Protein chains: 2
Amino acid sequence: MIDVKTLCLGVLSRGDASGYEIRKEFEEGPLSHFSDAGFGSIYPALKRLLDEGQIVMLPHNGDGRPDKKLYRITPAGRHALYQALIKTPSADKLRSDLMFILSFGHLLPPRHLDRIIGDRISDYRQMIATLEVEGSTAHRTPGERFVEGMGLAIYRAVAGYLEEHRHELVAAALMESQVA
Amino acid sequence: MIDVKTLCLGVLSRGDASGYEIRKEFEEGPLSHFSDAGFGSIYPALKRLLDEGQIVMLPHNGDGRPDKKLYRITPAGRHALYQALIKTPSADKLRSDLMFILSFGHLLPPRHLDRIIGDRISDYRQMIATLEVEGSTAHRTPGERFVEGMGLAIYRAVAGYLEEHRHELVAAALMESQVA
DNA sequence: AAGTGATGCATCGGATTGATATATAACATT
DNA sequence: AATGTTATATATCAATCCGATGCATCACTT
């Protein structure tokens with residue numbers, strides 16, 4: 001798995017940024033659908049990257065404000081990023097609490113099953129709507145468009161599957177609850 | 001996110017198992033598509049579950065063999081599992097090194113892009129074929145069938161998207177490499 | 001008889017997660 | 001004017017998790 005240092009280098013390869021701004025990339029930007037990193041891993045990562053000379057800190061303009069630290073990638077950093085990018089990528093992994101829960105559907109009240117599936121469908125429909133708007137307005141590189149399109153494709157597949165098979169699962173749970 | 005203790009309780013709720021067998025569930029079973037846990041987290045988790053009285057160790061039949069330890073869930077364990085299952089599930093998250101890499105496609109040789117995408121398509125097609133066979137033979141609860149079907153739906157969506165958009169991305173990278 | 005691979009337990013360092021703490025600025029609310 | 005809320009911004013910390021490694025036995029092949 002790609003580590004947080006590499007994730008940070010990736011963001012910085014697009015332009016200078018602070019730790020806070022890097023975080024936002026993983027929360028909102030195109031990368032957000034397939035990567036993740038919190039402050040607890042970003043700040044230590046930046047510290048290590050500094051030590052290794054892969055980034056430098058820009059002298060802050062003394063604007064006052066709570067000391068924003070801007071970082072810039074160095075040639076050494078670009079080289080390290082490239083080395084990480086050409087390594088064979090490890091397998092994709094989807095972690096889903098919902099799927100774990102549903103695989104034990106027989107232990108739960110049918111009404112509850114129906115509700116959590118319905119809620120999740122709404123979440124996905126919302127994300128899809130947001131992506132459809134952003135995708136047509138925001139400026140993106142071909143790579144970013146590709147990745148965003150993949151996110152959209154997956155969200156649509158999941159939402160569609162949940163909608164189509166929701167009733168099967170709830171019906172099976174209902175039958176079982178009547179036997180018991 | 002659901003922790004490894006709960007994942008273990010889930011597996012044990014279906015029947016007694018050893019740490020090794022629990023691991024196999026996450027590697028091969030229907031849960032494998034959406035959960036994950038290695039020995040380094042399973043063994044400590046089992047130890048804690050023992051301390052908390054949520055599982056017990058069965059007296060091993062002294063068969064010789066490298067000391068297989070069978071665990072069984074207790075009523076307290078089933079209760080803890082239930083409590084975990086009815087909590088609102090956190091959002092699904094797909095971690096994909098490939099997508100991170102592709103979003104920096106402009107930094108890589110077009111040939112390389114084409115190759116890693118092609119490789120990944122083969123991986124997915126292989127997984128889909130395996131799932132299609134298993135799905136029609138193995139015995140599954142409704143919940144397990146539902147989850148396995150979701151895995152299949154996602155894999156098909158990803159493989160399809162990669163196949164359909166592969167050339168766009170590679171073509172864009174080619175154009176850029178000619179400009180430079 | 002040697003090798004390979006599956007079964008099986010266990011540990012350990014390093015990395016990550018998730019929660020928490022602090023502080024300023026901008027904006028809206030009462 | 002005072003209060004509350006949200007966004008900006010850095011940082012730490014315990015609990016947990018990941019990945020690699022080590023050890024030993026059994027089954028099967030070559």
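Just so you know, these numbers come straight off a predicted model, no measurement behind them. Below, each value reflects all heavy atoms present in this structure, side chains not excepted, and no hydrogens, waters or symmetry copies.
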Separation of [X] atom [atom1] from [N] atom [atom2], in whole Å?
X	N	atom1	atom2	result
B:Lys93	D:dC17	NZ	P	19 Å
B:Glu27	D:dC18	CD	P	14 Å
B:Lys47	D:dC17	NZ	P	14 Å
B:Leu46	C:dG8	CG	P	14 Å
B:Leu70	C:dT7	CG	P	15 Å
B:Tyr71	C:dG8	OH	P	13 Å
A:Ile22	C:dT16	CD1	P	14 Å
B:Ile2	C:dT17	CD1	C1'	16 Å

Which nucleotide in [options] has an atom nearest any side-chain atom of [X]:
X	options	answer
B:Arg48	D:dA9, D:dT16, C:dG18	D:dT16
A:Phe39	D:dC18, D:dA11, C:dG18	D:dA11
B:Lys69	C:dT11, C:dA10, C:dG8	C:dA10
B:Lys68	D:dT12, C:dT11, C:dG8	C:dG8
B:Arg95	C:dT17, C:dG8, C:dA10	C:dT17
A:Lys24	C:dC9, D:dT8, C:dT16	D:dT8
A:Asp3	D:dC17, D:dA11, C:dT16	C:dT16

When A:Lys68, A:Lys69, A:Arg14 are each screened for salt bridge (charged side-chain N to carboxylate O under 4.0 Å, His left out) with A:Glu21, the one that passes is A:Lys68
Do the side-chain N or O atoms of [X] get closer than 4.0 angstrom to the phosphate oxygens (OP1, OP2) of [N]?
X	N	result
B:Tyr20	C:dT7	yes
B:Ser41	D:dC18	yes
A:Tyr43	D:dA11	no

request  = Would you classify A:Gly19 as touching base, sugar-phosphate or nothing, given that sugar-phosphate means primed atoms plus P, OP1 and OP2, and contacts are heavy atoms under 4.0 Å?
outcome  = sugar-phosphate
Note to self: Does B:Lys5 reach a base, just sugar-phosphate, or nothing at all? Heavy atoms under 4.0 Å.
What the structure shows: nothing
| field | Neighbour count above 12 (heavy atom, 6.0 Å) for B:Arg125 CZ | value | yes
(message) Could you walk me through whether A:Asp3 and A:Thr6 satisfy the side-chain hydrogen bond (donor to acceptor under 3.5 Å, both in side chains) test, starting with their C-alpha distance in whole Å, then the side-chain angles of each, then the deciding distance to 0.1 Å, before giving a yes or no?
(response) CA-CA 6 Å; A:Asp3 62 13; A:Thr6 307; 2.9 Å; yes
- Message: Tell me whether the NZ or CZ atom of B:Arg95 lies within the 45° cone about the ring axis of A:Phe34 and under 6.0 Å from its centre.
- Response: no
Of B:Met1 and B:Pro44, the one whose closest nucleotide on DNA chain C sits nearer the 5' end is B:Pro44
Separation between CG (B:Leu98) and CG (B:Leu162), nearest 0.5 Å, reads 6.5 Å
Taking the six-membered ring for Trp and the full ring for Phe, Tyr or His, determine whether the centres of B:Tyr82 and A:Phe104 are under 6.0 Å apart.
no
